[in-house]
S.K.: 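Structure incoming, see below.
In each ligand, atom 1 is the first atom listed, and ligand 1 is the first ligand listed. Counting begins at 1 with the first residue of the sequence. The figures here come from the full heavy-atom set of this structure, side chains too, leaving out hydrogens, waters and symmetry mates.
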Amino acid sequence: MITGKTKVVGIFGDPIEHTLSPLMHNAAFKELGLDYCYVPFLVKKQELKEAVEAIRALNIKGVNITVPHKEAVINCLDEISEEAKYIGAVNTILNEQGKLKGFNTDAYGFVKSLKEDNISLKDKFILLLGAGGAAKAVAYGVLKEGANLFIFNRTPSKAYKIKESFSDIGKIEVIEQIKPEIMGKIHIVINATSLGLKKDDPMPLDPSVLKKGQTYIDLIYTKTPLLKEAKNRGCTIIDGIGMLLWQAAKAFEIWTSIPAPVEVMEEVLKKIKD
Ligand code: NDP
């Protein structure tokens, strides 16, 4: 029940209709009996600044930030976490008595979801496909865990930019072609491109290079053609639901200072998937 005391949190993005975050967070608040309500806000690019100012004006406790605002929002905040500064993107804002603090929980969400699946990143050779916002968070997370990273992107200049920003935290190389010599030493392939979101998308890499025993991770929530192909070839596969869950759990904790009821949030996502 919404009362005069209910604290409001939410998500800013465009488009926003597809978001699963309200279902996850509202189920979590209900489970713990917390007087919070999570609301989706359609925020157009040109209105981002006003929308962020409204967090203060309307006494909103915090928001998640999604496409296309994760990078632009940085300039609208009072304080940015070390991690978010490095990644260059914010996906969670906390309103602390009028002071707006930005965090990035995507890197944590990605790494934590792999830990939950007992996948270690230390000293692994990883091929990351993509160099957009999600790829940056993944690159930061895996380098911090001690992995060796190769990045391939349609637009190589963006991959080189990531290398430039992150080379002080780990081993990172840009590749402009996915050659068999490189695939031979790769343990984990991560798709952080948006290829696979649409039905007719081509695969983000030529399926003939897939090797039995490798692990394929797709940040997209569904079983993409890449994951299906990898499974057929005897690879371990992981979709993006785990990352979604754990980035949300961390955001929940930033807003409430209470551990998130992860099982309840996971249950919500499972129901949607089935
Ligand atoms: P961005 O728009 O920032 O980046 C998109 C990436 O995909 C770029 O590297 C882009 O390459 C590449 N790309 C797009 N179209 C093509 C194409 N036709 N051929 C080759 N490469 C292409 O998006 P995000 O980084 O925010 O998101 C990427 C994916 O990750 C999305 O599918 C999103 O749903 C998912 N995601 C999942 C999360 C989770 O919690 N599981 C969290 C965040 C994102 P180029 O640089 O050349 O344009």
S.K.: Would Lys61 and Trp255 count as a cation-pi pair here, with the cationic atom under 6.0 angstrom from the ring centre and within 45° of the axis?
M.R.: no
S.K.: Check the side chains of Asn64 and Asn91 for a donor-acceptor pair under 3.5 angstrom, ignoring hydrogens and angles.
M.R.: no
S.K.: When hydrophobic residues are tied together by side-chain contacts of less than 4.5 Å, even through go-betweens, does Ile241 share a cluster with Ile217?
M.R.: no
S.K.: For ligand 1, list all ligand N or O to protein N or O distances below 3.5 Å, rounded to 0.1 Å.
M.R.:
unit_1	atom_1	unit_2	atom_2	d
ligand 1	3 (O)	Gly133	N	3.0
ligand 1	7 (O)	Ser194	N	3.2
ligand 1	9 (O)	Ala131	N	2.9
ligand 1	9 (O)	Asn153	OD1	2.7
ligand 1	11 (O)	Asn153	OD1	3.2
ligand 1	18 (N)	Arg154	NH1	3.2
ligand 1	25 (O)	Gly133	N	3.2
ligand 1	25 (O)	Ala134	N	2.8
ligand 1	40 (O)	Leu244	N	3.3
ligand 1	41 (N)	Leu219	O	2.9
ligand 1	41 (N)	Gly240	O	2.9
ligand 1	46 (O)	Asn153	ND2	2.8
ligand 1	46 (O)	Lys158	NZ	2.8
ligand 1	47 (O)	Arg154	NE	3.0
ligand 1	47 (O)	Thr155	N	3.1
ligand 1	47 (O)	Thr155	OG1	2.4
ligand 1	48 (O)	Arg154	NH2	2.9

S.K.: If you group Ile, Leu, Val, Met, Phe, Trp and Tyr whenever their side-chain heavy atoms sit less than 4.5 Å apart, what else falls in with Val264?
M.R.: none
S.K.: When clusters are formed from ILVMFWY side-chain contacts under 4.5 Å, directly or step by step, what else is grouped with Val209?
M.R.: Phe125, Leu127, Leu129, Phe150, Phe152, Ile175, Ile178, Ile182, Met183, Ile186, Val189, Met203, Leu205, Leu210, Tyr216, Leu226, Leu227, Ile237
S.K.: Please tabulate, for the side chains in residues 43-59, all donor-acceptor contacts under 3.5 angstrom to protein atoms that are two or more places apart in sequence or on a different chain.
M.R.:
unit_1	atom_1	unit_2	atom_2	d
Lys44	NZ	Asp14	OD2	3.4
Arg56	NH1	Asp78	OD2	2.9
Arg56	NH1	Gly98	O	2.9

